[in-house]
Amino acid sequence: MATDNRVHFWRRTAKVPGRYPKDTKPKFNNLKSKKASSFHEFARSTNDAWDIDDEEDEDFLGTPTPTPAPSLPSGPHSTSTQNQQLQQQQQQKNQADDTEGGMSHRLAPPRTDSLTLQDVQEDNTECEHVNGKVVKSNSEAHLNTSSVRSTLQKQQSLPVRPIIPLVARISDQNASGAPPMTVREKSRLDKFKQLLASPNTDLEELRKHSWSGILREVRPITWRLLSGYLPANKERRELVLKRKREEYFGFIEQYYHSRTDEHYKDTYRQIHIDIPRTNPLIPLFQQPVVQEVFERILFIWAIRHPASGYVQGINDLVTPFFVVFLSEFVTEDVENFEVAALPLETQRNIEADSFWCMSKLLDGIQDNYTFAQPGIQNKVKALEELVSRIDEDIHNHFKKYEVEYLQFAFRWMNNLLMRELPLRCTIRLWDTYQAEAEGFSHFHLYVCAAFLIEWRKEILSMIDFQGLLMLLQNLPTIHWGNEEVGLLLAEAYRLKYMFADAPSHYKR
């Protein structure tokens, strides 16, 4: 008797919730059919212990897991007893639903027509009895609907962060979402269109307008012009495009079959391995059609530049160009677009333009990828010297914990910060790099310095080597947008203005 009292103590006592004592734990299969009802009974008797606004408790009170109907013993007395238990469960469930329903009127959005139709269908098929046995429990519909209501309540109550698209629409996105186009942005768009439509585009004026970001509608043509791929003369552009695209596919016919030759097979193998690693979380780059495009671009570039050949990291540099030129033909989010749905001619044009613009970029930083990568080595040393002058605390903190700049900044230089920033931020960053004189080779150094100083507080709070490296290799920029990139570029410009032409400034 004493043991039985201990087993049921937590069910009867309203003020002292507790667990089963170890020596009297019941067998699971004995309580399987009573689990849901006993829990609701306990929850009602101790309602002062539950916070109705707590989301985790809502999951328990609002969406209990339906338990399978236990097998019922035969016989009239057994059937009668079980029907009474089912009625009791139903009454308890209705009370719980009434309580929850009060909240759902305040929190949950209106239910859809499809949900109502489903409820009607469920109501029509419930409460069927065959030989005195319940075929379908009447409580299942209430469980389903309460689950939907609880999910909707949670969606309403949780703060929702806006989804930032890969390439912004009209006004480029920032961390708080993309607002409608402002009067200033419309004015900027008109100015871009005016410059681009002139018989001879003023490239210097175009760079000035592009420094603070290029609007999506005009970004593809602007990037082609600023990279030097297209001439400023409007009449010559179509002819140049046609000639360069044909030239690229001439390279494909001439060289691509040699990818299996003994001399080139190692290069092709490394490219083939690296392509799936390029932005693995973005569906666009996992499409076989896109991966084949990247393989052709990288292989042709590698064999036409034997001084460097293919180096890991170059594969990342194709992606911004590919996305920008693809966005010219896509109205929805680019990251989920099926490239195979485009006409073959359009696919070929995007591929050729991406190749030539990437080639123009790499022409200015090719020493980053030649033997021993001297360009990167020099830039990392320059970054170390610059940081020692602008923030001595960070520099001494690295020295104290024996952190070498090469351990984190090599990737910043090799991949142009593409591994540290979301792709949408890289595209915005490259707007300015294309507009800035020697943007990829020189201005990038000051962007890296500003990027490092941005995390000053977090860096100084780390007091061990491993923690510092983990932070520097996994900086939390996932929610960055144009707003943050704009501030970063402004700080980089300030640093360049202060230090580029003053090598002894602040030098100790």
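Residues take their numbers from the sequence shown, with the count starting at 1.
- Contact detail for A449 and L495: the closest heavy-atom pair is CB-CD1, 4.0 Å.
- By the 6.0 Å contact criterion, CG on L344 is enclosed, its count of non-hydrogen atoms from other residues, nucleotides or ligands being greater than 12.
- Rounding to the nearest 0.5 Å gives a distance of 12.0 Å between CD of Q312 and OH of Y369.
- Of the possible polar contacts, none joining the D333 side chain to the E335 backbone as a donor-acceptor pair under 3.5 Å is found.
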Quick one: do H272 and Q291 satisfy side-chain contact (heavy atoms from CB on, under 4.5 Å)? Show the steps, please. CA-CA 9 Å; H272 189 72; Q291 293 184 355; over 6 Å; no

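- Atoms CG and CD, on L488 and E483 in that order, are 13.0 Å from each other to the nearest 0.5 Å.
- Atom OG1 of residue T222 and atom CG of residue L215 lie 9.0 Å apart, to the nearest 0.5 angstrom.
- In this structure, the side chains of L342 and I350 come closer than 4.5 Å at one or more pairs of heavy atoms.
- With ring centers used as reference points, F408 lies under 6.0 Å from Y405.
- At a cut-off of 3.5 Å, with distance as the only test, a side-chain donor of Q270 or D274 sits close to an acceptor on the other residue.
- Under the 4.5 Å side-chain criterion, counting only non-hydrogen atoms from C-beta, L225 is in contact with L196.
- Side-chain atoms of D464 come within 3.5 Å of backbone atoms of G467 as a donor-acceptor pair (strictly under, hydrogens ignored).
- No more than 12 heavy atoms of other residues, nucleotides or ligands lie within 6.0 Å of CZ in R269, so this atom counts as exposed by the packing criterion.
- In terms of heavy-atom proximity, R216 sits nearest to S327 at NH2-O, 3.5 Å.
- Figure legend: R259 and Y256 shown as a cation-pi pair, the cationic atom lying under 6.0 angstrom from the six-membered ring centre and within 45 degrees of its axis.
- Looking only at atom types and distance, the side chain of Q434 has no donor-acceptor partner in the side chain of W223 under 3.5 Å away.
- Neither side chain, N368 nor Q373, offers a donor N or O lying under 3.5 Å from an acceptor on the other.
- Closest of all the heavy-atom pairs between I478 and P422 is O-CG, 3.8 Å.
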How far apart are the C-alpha atoms of F321 and W430, what are their side-chain angles, what is the distance that settles it, and do they pass the ring-ring contact (aromatic ring centres under 6.0 Å, His included) test? CA-CA 10 Å; F321 293 113; W430 284 22; 5.4 Å; yes

Kindly determine whether T182 and R188 satisfy side-chain hydrogen bond (donor to acceptor under 3.5 Å, both in side chains), including the steps that lead there. CA-CA 10 Å; T182 63; R188 289 189 68 224; over 6 Å; no

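- One finds the OG1 atom of T426 at 11.0 Å from the CZ atom of R419 (value rounded to the nearest 0.5 Å).
- By the 6.0 Å contact criterion, NE2 on H263 is open, its count of non-hydrogen atoms from other residues, nucleotides or ligands being 12 or less.
- Checked by atom type, the side-chain pair S210/D431 shows no donor-acceptor distance below 3.5 Å.
- Between L361 and L416, the closest side-chain pair of non-hydrogen atoms falls below 4.5 Å.
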Going through the distances and angles, do E204 and K208 end up as a salt bridge (Lys or Arg N to Asp or Glu O under 4.0 Å)? CA-CA 6 Å; E204 194 59 37; K208 289 180 182 177; 5.8 Å; no

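- Note: N349 CG to K242 NZ = 11.5 Å, rounded to the nearest 0.5 Å.
- Between the side chains of D353 and Y229, at least one donor-acceptor pair of N or O atoms lies under 3.5 Å.
- Contact record, S441 with G364: CB-O, 3.8 Å, taken as the closest heavy-atom pair.
- The two atoms that bring R245 and A352 nearest to each other are CG-CB, 3.7 Å, heavy atoms only.
- You'll find the ring centres of Y310 and W301 outside the 6.0 Å limit.
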Taking it one step at a time, do E491 and R494 satisfy salt bridge (Lys or Arg N to Asp or Glu O under 4.0 Å)? CA-CA 5 Å; E491 177 64 14; R494 186 185 71 86; 2.6 Å; yes

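- No more than 12 heavy atoms of other residues, nucleotides or ligands lie within 6.0 Å of NZ in K360, so this atom counts as exposed by the packing criterion.
- For the ring-ring contact (aromatic ring centres under 6.0 Å, His included) with Y493, the qualifying choice from Y446, F443, F499, W211 is W211, the only one to do so.
- Using a 4.5 Å cut-off on side-chain heavy atoms (C-beta onward), I390 and M498 make no contact.
- Within the 3.5 Å criterion, the main-chain N or O of D363 finds no donor-acceptor partner in the side chain of Q366.
- With salt bridges taken as basic N to acidic carboxylate O contacts below 4.0 Å, one links E385 and R389.
- Side-chain contact between I365 and H444 is absent, with no heavy-atom pair separated by less than 4.5 Å.
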Let's go through V485 and T432 carefully: what are the C-alpha distance in whole Å and the side-chain angles of both, what is the deciding distance for side-chain contact (heavy atoms from CB on, under 4.5 Å) to 0.1 Å, and is it a yes or a no? CA-CA 10 Å; V485 175; T432 300; over 6 Å; no

Could you go through the side-chain contact (heavy atoms from CB on, under 4.5 Å) check for T201 and K234 one step at a time? CA-CA 7 Å; T201 300; K234 187 179 179 181; 5.9 Å; no

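- H397 contributes a side-chain N or O that, together with a main-chain N or O of M462, makes up a donor-acceptor pair within less than 3.5 Å.
- The closest donor-acceptor contact from the side chain of N378 to the backbone of P374 lies under 3.5 Å.
- Geometrically, R224 engages F325 in a cation-pi contact, judged by NZ or CZ lying under 6.0 Å from the ring centre and within 45° of the ring axis.
- Atom CD in E404 sits 11.0 Å away from atom CZ in F398 (nearest 0.5 Å).
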Salt bridge (Lys or Arg N to Asp or Glu O under 4.0 Å) between R207 and E436: does it pass, once the steps are laid out? CA-CA 7 Å; R207 287 190 181 95; E436 182 75 23; over 6 Å; no

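- In this structure, Y248 and R348 have side chains that are not in contact, with every pair of non-hydrogen atoms separated by 4.5 Å or more.
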Step by step, would you call N415 with L317 a side-chain contact (heavy atoms from CB on, under 4.5 Å)? CA-CA 7 Å; N415 301 86; L317 305 184; 5.7 Å; no

Pair R411-E420, salt bridge (Lys or Arg N to Asp or Glu O under 4.0 Å): steps then yes or no: CA-CA 9 Å; R411 190 171 76 180; E420 325 311 318; 2.8 Å; yes

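- Residues D393 and I459 fail the side-chain proximity criterion, which asks for heavy atoms closer than 4.5 Å.
- Between the side chain of N279 and the backbone N or O of I282 there is no donor-acceptor pair closer than 3.5 Å.
- Across every non-hydrogen atom of T267 and A302, the tightest pair is CG2-CB, 4.0 Å.
- With salt bridges taken as basic N to acidic carboxylate O contacts below 4.0 Å, none links K399 and E392.
- Side-chain N/O atoms of Y268 and E295 include a donor and acceptor closer than 3.5 Å.
- Between H395 and D391, every side-chain heavy-atom pair lies at or beyond the 4.5 Å cut-off.
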